Amino acid sequence: MTNQEITQILKNVAAAYTIRDEAKNKFKIIAYQRAADAVEHATLEIKDLWDEGKLNTLPGIGPSITSHLDELFRTGRVKHFEEVLKGLPEAIFPLLKVTGFGAKKAYKIVKNLKLKDKDTVIDDLIAACREHKIAKFPGFGEKSEEDILRNLLEAKQGKIKKARMALPYTDAIAQKIIAYLKKSPQVLRADPLGSLRRRVSTIGDIDIAVATNNQKAVIDYFLEYPGIERVVEKGETGATILTSGGKQVDLRVQKPQSYGSLLQYFTGSKDHNIHLREIALKKGLSLSEYGIKPLKKNQKSIRHPPTGGADKNQNYNSKLKIFEFSTEEGFYGAVDLPWIPPELREDMGEIEAAQKRELPTLVEIGDIVGDVHIHSDFNLEPSHDLGISSMKEIAQKARSLGYQYIAFTDHNPSITNHTEDKIYSILKRRKEAIEQFYQSTKIVRVFNMLEIDILADGRLAVDDKSLSLLDGAIASVHGSFNQPKDKMTRRIIGVLTHPKVKILGHPTGRLLGQREGYEVDWKEIFEVCLKYNKALEINAFPLRLDFPDVLVREAVRKGVKMVISTDAHEVSEMDRMVYGISVARRGWAKKGDILNTLEYNEFWKWLK
DNA sequence: GCCGTTTTCGGCCCGACTGTTTTCAGTCG
């Protein structure tokens, strides 16, 4: 039973309560939805949590849902859920994943059309739209029938609500649109919002904020963006488009004096904002994207700003009876909190840390002084792809990035095509080439490393004699991903204890949207890393972003060190370090947690 | 059904947009 499956069950229960009697079940519905969100965003497998008896430590999961899930894990079913779902056609549930459908619309349509088969409901409904049956239902019309048909067709193409794309690709699209917006003289500021600003590894919609004194002009200008497929919606405060690449982009505009509130509100996350509002309510304040206003019952008593003093970022709008904030700092200050970095805003303890003034100082791109996972074009007849840039190009790029050192970490020579002696002679030639390169150029310091396959049987693809030629090695799993958890854990620990292996490369092996990571006992790996002074890699390659942020946070808690590296196969890819930084920051990593922030001499000492 | 720096009872985030409506229902973030 995966978190995803449990999420789905809880969402279905919430939908069932909504259909039965929304008014009566109002808060029960919210509770089930929040429980579903909690499971969906959980950092650990819920099943593991249940095994340890810690299910109710998850915020949003209380005694009642705990006992239901307990029944689910023990017997595979939940009597109470079955009762709630009883009598509802199961054809409604696939529709809930389609844009534009909520519980009620799905139920109305399924009931009116008497649809029964959950496997064909999407196709059945497409046919019904084409026969114009929907427009005749009360509350529906021709336009809504068109919308439903289009959303169903898009869902069939895989464009479901949760179609997400890796951060670096989405970031590139967003930067292009922001650059376009900034060309307008009406645009005073433009920033990413939402999961993009929080630097989540995969992004659904792109959200962008603009500060302007002419909202209408900016919205009109946005709707002239060349890459538009169609306009989804348009209003006075923003607009939504679909790009020709199928990405949804939301624009939000706001006047400059309220821009801080807008940034804060739409950066989220939803859970962070809800928590923040709860705190504000207790202070008699109501937060919104427009600012902060005293609750009605307190309105008369409040004559001064929420912060109790003058703040140049704060302004009282007496017409709207609301305090406006030009910056986020002012907004957070009004509820007695320091500014919280967007990467932390997941309601995972950051608000409590902010209240205690214990927010971590997160690692920054400027802290990085070396990139220790780079593939050059030195041909050592490798097991995987060669880089395409020369050592000199790489070193020059490193210098332009302000680095003190780099490591050449080409893949090991393939073991199917070479004997151990042959591998030794190739690596000896490579060691001489690297030394000669450094002596003749001295552009940046250079380490002679290698990225070595961890073979299926737990051996390294390079023997000890050849390993002795290296300054150190990254060990990575590049095949046999489907081994059982225990075997995979032994396989990794076996090589990680080798003195020359210093770093575990892209530790989970995941490829975003393509492949789940393999199963490993991270507790054990963390212990080995601590005991033998090894590092885990945060690999900034766009489809990897591996180590994942939630595991980075676990590693930080345990004191396990990490490196952030690009795995570049071409010099321009060395610019991707910033995405590794994003992952590290979301994992609450400080400069001291990341080894390639160390000066050359210190890093060298760690490596030896 | 969940939860606690006013609370173990009595609250529960806030607003925009669309379509079908003459004041609202549903969905989204």
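Proteins get letters first, then strands, A, B, ... in listed order; numbering begins at 1 in each. This one's a predicted model, so the numbers in the text were calculated from it and none came from an experiment. As a basis for the values below, the full set of heavy atoms in this structure was taken, side chains included, without hydrogen atoms, waters or symmetry mates.
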So, is A:Tyr290 near the phosphate of B:dC14, with a side-chain N or O under 4.0 Å from OP1 or OP2? no
Has A:Thr99 got a side-chain N or O lying under 4.0 Å from the OP1 or OP2 atom of B:dT27? no
In whole Å, I'd like the distance from the [atom1] atom of [X] to the [atom2] atom of [N].
X	N	atom1	atom2	value
A:Lys105	B:dT18	NZ	P	13 Å
A:Glu278	B:dC14	CD	C1'	13 Å
A:Ile322	B:dG15	CD1	P	8 Å
A:Ile148	B:dG26	CD1	C1'	11 Å
A:Gln215	B:dA16	CD	C1'	13 Å
A:Arg150	B:dG19	CZ	P	9 Å
A:Ile30	B:dG1	CD1	C1'	10 Å
A:Lys104	B:dC24	NZ	C1'	11 Å

Pairwise [atom1] distance for [N] and [M], with rounding to whole Å:
N	M	atom1	answer
B:dC12	B:dT7	C1'	13 Å
B:dC28	B:dT23	P	26 Å
B:dG15	B:dT5	C1'	28 Å
B:dG29	B:dC13	C1'	12 Å
B:dA16	B:dT6	C1'	33 Å
B:dT20	B:dG26	C1'	11 Å
B:dG1	B:dT8	C1'	15 Å
B:dC17	B:dG11	C1'	29 Å

So, A:Asp37 and A:Arg34, do they make that salt bridge, N to O below 4.0 Å? no
Under 3.5 Å: donor-acceptor pair, side chain of [X], backbone of [Y]:
X	Y	answer
A:Thr75	A:Leu72	no
A:Glu145	A:Ile134	yes
A:Glu328	A:Gln264	yes

Do A:His272 and A:Ile340 make a side-chain contact, defined as non-hydrogen atoms from C-beta onward lying under 4.5 Å apart? yes
Residue closer to the 5' end of DNA chain B, A:Lys270 versus A:Lys108 (nearest nucleotide): A:Lys270
5′-ward residue of the pair A:Ser288/A:Gln248 relative to DNA chain B: A:Ser288
Checking contacts here: which listed nucleotide ([options]) is nearest the side-chain heavy atoms of [X]?
X	options	result
A:Ile274	B:dC13, B:dG26, B:dC17	B:dC13
A:His68	B:dG1, B:dC14, B:dC28	B:dG1
A:Thr237	B:dC17, B:dG1, B:dC14	B:dC17
A:Arg277	B:dC14, B:dG19, B:dG29	B:dC14
A:Lys234	B:dT18, B:dG26, B:dG29	B:dT18
A:His80	B:dC14, B:dG1, B:dT20	B:dG1

Please tabulate the protein-to-nucleotide N/O contacts below 3.5 Å involving nucleotides 2-5 of chain B, giving atom names and distances.
from	atom 1	to	atom 2	distance (Å)
B:dC2	OP1	A:Gly62	N	2.6
B:dC2	OP1	A:Gly62	O	3.3
B:dC2	OP1	A:Ile65	N	3.2
B:dC2	OP2	A:Ser64	N	3.1
B:dC3	OP1	A:Gly60	N	2.6

At under 4.0 Å between heavy atoms, what does [X] touch on the DNA or RNA strands: base, sugar-phosphate, or nothing?
X	result
A:Asp147	sugar-phosphate
A:Leu287	sugar-phosphate
A:Tyr265	base
A:Glu142	sugar-phosphate

Syn or anti for B:dT7, taking syn as within 90° of 0? syn
Any strand, both distances under 3.5 Å, Watson-Crick or G-U wobble: B:dT27 pairs with B:dA16
Are the ring of A:Phe140 and the base ring of B:dT20 both nearer than 5.5 Å at their centres and tilted by less than 30°? no
Any donor-acceptor N or O pair under 3.5 Å, side chains A:Gln175, A:Asp171: yes
Mind telling me whether A:His80 and A:Tyr17 have parallel, tilted or perpendicular rings, with 30° and 60° as the class edges? tilted
Please verify the inter-ring angle class for A:Trp50 with A:Phe73; under 30° counts as parallel, over 60° as perpendicular, anything in between as tilted. tilted
Looking at the rings of A:Tyr221 and A:Tyr180, which for Trp means the six-membered one, are their centres under 6.0 Å apart? yes
Decide yes or no, distance alone: a donor-acceptor N/O pair under 3.5 angstrom between the base of B:dG1 and the side-chain of A:Tyr17. no
What do the steps show when you test A:Tyr32 against A:Asn25 for side chain to side chain donor-acceptor pair (under 3.5 Å), and what is the final call? CA-CA 10 Å; A:Tyr32 270 97; A:Asn25 298 314; over 6 Å; no
